[in-house]
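For reference, the structure discussed in these notes is given below.
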Protein chains: 2
Amino acid sequence: MNIGDAAKASGVNQKMIRYYESIGLIGYVARSANGYRTYTESDVHTLAFIRRARRLGFPIERIQALMALWRDKRRSSAEVKAIARGHIDELQAKIEELAEMRRTLEHLVASCAGDDRPDCPILDGLSAQTEAADPRPAGPASRRGGAPGGA
Amino acid sequence: MNIGDAAKASGVNQKMIRYYESIGLIGYVARSANGYRTYTESDVHTLAFIRRARRLGFPIERIQALMALWRDKRRSSAEVKAIARGHIDELQAKIEELAEMRRTLEHLVASCAGDDRPDCPILDGLSAQTEAADPRPAGPASRRGGAPGGA
DNA sequence: GCTTGACCCTCCCACCATGGGAAGCCCTAT
DNA sequence: ATAGGGCTTCCCATGGTGGGAGGGTCAAGC
């Protein structure tokens with residue numbers, strides 16, 4: 001199997017296959033006399049594994065760990081589970097971050113008339129927000145003289 | 001105000017301020033005789049605007065559009081609202097994508113004992129998944145001859 | 001005057017994962 | 001022989017963010 005066939009069979013495109021090889025995610029693959037990479041069914045299996053892990057959002061680094069366990073027939077499932085849980089937590093954190101953005105933005109959108117007039121609480125919010133989330137007092141400006149010793 | 005003060009006052013760090021200038025998000029800023037960038041209160045205001053928009057996840061390109069409307073006193077709030085809605089939709093799409101990953105992963109994790117034994121449905125799922133979500137039949141391999149024409 | 005330290009400048013590099021494209025070799029079919 | 005498709009490597013770009021090198025500038029203190 002040349003790289004094109006491996007790409008089709010695994011669902012990972014050629015560029016990515018070469019990239020994964022270059023960063024050491026998969027070992028150097030065998031080459032035929034003309035220098036073409038040649039792939040076995042097993043290689044394709046590995047690539048498909050990577051693809052599915054990527055689709056679940058695992059970063060390359062974590063996939064490396066997963067693959068090590070995958071190959072290690074004496075692993076404990078607890079180790080795998082721990083990695084997966086860690087990733088779930090990261091997904092969750094990102095989801096919450098995005099959801100928080102969405103919430104804030106929805107509030108702004110809800111208070112905006114959305115008509116022909118220029119008055120727009122969205123822009124007002126962006127340009128002079130109260131920064132309620134910030135733990136700093138942030139006085140009414142004009143305090144630009146005595147730097148208390150900041151960062 | 002030099003760049004350091006502007007950074008402190010706006011919450012955007014120096015690197016980013018220079019970057020925003022270099023990509024044209026903010027216009028070229030005035031320079032003093034020694035070549036230092038000098039910022040006005042208005043510049044700081046703009047930077048703070050950018051920072052808040054970034055915090056809401058707006059990409060630079062959209063921020064550019066927002067700033068144009070911000071400066072245009074004759075804009076209609078509908079335009080602003082449309083941009084914000086578009087961004088909300090994108091946030092939502094990302095959230096759903098991540099949530100779908102999380103759901104799948106949670107199913108796998110739930111079915112994994114997480115003990116000392118090597119048996120692990122998580123790895124099994126990654127290595128031989130049924131690909132139920134894919135609309136392709138994906139026969140039992142060995143169909144490697146007749147490419148239907150796809151990219 | 002000289003040193004010290006804080007500040008500023010530009011330029012290069014890295015991240016993560018993905019992809020585009022060029023220049024050139026290899027193989028097969030006509 | 002020529003066309004075409006596949007393969008190779010190498011460079012570049014993305015979006016934002018940041019690190020760091022190497023050097024100029026300014027103000028304060030001695």
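Naming convention: chains lettered A, B, ... in sequence-line order (proteins, then strands); numbering from 1 in each chain.
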Beyond-backbone contact of A:V29 with A:I3, side-chain heavy atoms, under 4.5 angstrom: no

Validation row: B:E100, B:E96 side chains within 4.5 angstrom (heavy atoms): no

Side-chain heavy-atom pair B:R31, B:T38 within 4.5 angstrom cut-off: no

Return the value, rounded to whole Å, for the distance between atom NZ of B:K94 and atom P of D:dG15. 12 Å

Output the rounded distance in Å from CD1 (B:I3) to C1' (D:dG24). 16 Å

Taking the side chain as every heavy atom from C-beta outward, state whether A:R54 and A:Y20 have any pair of such atoms under 4.5 Å apart. yes

For B:T46 and B:D43, does a side-chain donor sit closer than 3.5 Å to a side-chain acceptor? no

Using a heavy-atom distance cut-off of less than 4.0 Å, which residues of residues 12-27 of chain B contact DNA chain D? B:N13, B:K15, B:M16, B:Y19, B:Y20

Counting heavy atoms from C-beta on, name the nucleotide in D:dG24, D:dT8, C:dC27 closest to the side chain of A:N34. C:dC27

How many Å lie between CZ on B:R55 and C1' on D:dT17, as a whole number? 14 Å

CG of B:D89: more than 12 outside heavy atoms within 6.0 angstrom? yes

Taking only N and O in the side chain of B:R62, is any of them less than 4.0 Å away from OP1 or OP2 of D:dG15? no

Relative to the 5' end of DNA chain D, which residue comes earlier, B:Y36 or B:I60, by the nucleotide with the nearest heavy atom? B:I60

Where does the angle between the aromatic ring planes of A:W70 and A:F49 fall among parallel (under 30°), tilted (30 to 60°) and perpendicular (over 60°)? parallel

Are OP1 or OP2 of C:dC26 and a side-chain N or O of A:R37 less than 4.0 angstrom apart? no

Can you check the B:I63 CD1 to D:dG16 C1' distance for me, whole Å? 11 Å

Atom pair distance, as rounded to whole Å: OH in A:Y39 and P in D:dG6: 16 Å

Measure from CZ on A:R31 to C1' on C:dC25 and round the result to the nearest Å. 13 Å

Nearest whole Å is fine: how far is D:dG15 P from B:H87 NE2? 15 Å

